[in-house]
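All of these numbers come straight from a predicted model, not from anything done at the bench. Only this structure's heavy atoms are used, side chains among them; waters, hydrogens and symmetry mates stay out.
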Amino acid sequence: MSLEAIAIISLGALLGGFVNGLTGFGTGLTALGIWLYALPPASAATLVMATSVAAQIQMLPNLLAHIDTPRTARFVLPGLLAVPLGTAAL
């Protein structure tokens with residue numbers, strides 16, 4: 001891999017991480033447009049998936065610390081019943 005390709009991939013990762021830090025999503029949307037200049041589409045899409053999962057896993061401990069379990073259960077439990085019914089209705 002050439003030094004130019006490594007620089008393009010690094011720039012895409014930097015900008016994707018920046019956007020993810022601002023909004024909480026968008027790593028793939030930002031980085032893919034840049035990575036396609038240096039990588040074939042199949043490799044770029046695989047890299048997008050890996051970096052998106054890594055970015056969200058990194059945010060998981062912070063998210064879990066702020067979940068109010070009793071309040072959340074009021075929404076999750078009915079959803080667990082309604083989603084299968086809605087899927088069957090479709």
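Remark: the backbone N or O of Val48 is paired with a side-chain donor or acceptor of Thr51 at under 3.5 angstrom. At least one donor-acceptor pair under 3.5 Å links the side chain of Asn20 to the backbone N or O of Phe25.
To the nearest 0.5 Å, the span separating CD on Glu4 from CD1 on Ile9 amounts to 11.0 Å. Interatomic distance, Leu63 CG to Ile57 CD1, rounded to the nearest 0.5 Å: 13.0 Å. How far CH2 of Trp35 is from CG of Leu11: 10.5 Å, rounded to the nearest 0.5 Å. If you take CZ on Phe18 and OG1 on Thr27, they are separated by 12.5 Å, rounding to the nearest 0.5 Å.
Residue-environment remark: CD (Gln56) exceeds the threshold of 12 foreign heavy atoms within 6.0 Å. The 12-atom threshold is not exceeded at CG of Leu3, counting heavy atoms of other residues, nucleotides or ligands nearer than 6.0 Å.
The two atoms that bring Ala31 and Gly12 nearest to each other are CB-O, 3.5 Å, heavy atoms only. Heavy atoms only, all atoms of each residue included: Pro78 and Ala73 are closest at CD-O, 3.9 Å.
With contacts defined as side-chain heavy-atom distances shorter than 4.5 Å, the pair Asp68/Arg74 does not qualify.
Taken together through direct or relayed side-chain contacts under 4.5 Å among Ile, Leu, Val, Met, Phe, Trp and Tyr, Leu47 and Tyr37 form parts of separate hydrophobic clusters. Cluster annotation: Ile34 and Leu39 are assigned to distinct hydrophobic clusters (Ile/Leu/Val/Met/Phe/Trp/Tyr, side-chain heavy-atom contacts under 4.5 Å, transitive). Leu60 and Ile67 fall within the same hydrophobic cluster, where Ile, Leu, Val, Met, Phe, Trp and Tyr residues are linked whenever their side-chain heavy atoms come under 4.5 Å apart, directly or through other members. In the hydrophobic cluster analysis, where Ile, Leu, Val, Met, Phe, Trp and Tyr join through side-chain heavy atoms closer than 4.5 angstrom, Met1 is grouped together with Leu36.
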Legend entry - Intermediate values then yes/no, side chain to side chain contact (heavy atoms under 4.5 Å, CB included), Val19 and Leu29: CA-CA 9 Å; Val19 169; Leu29 294 171; over 6 Å; no

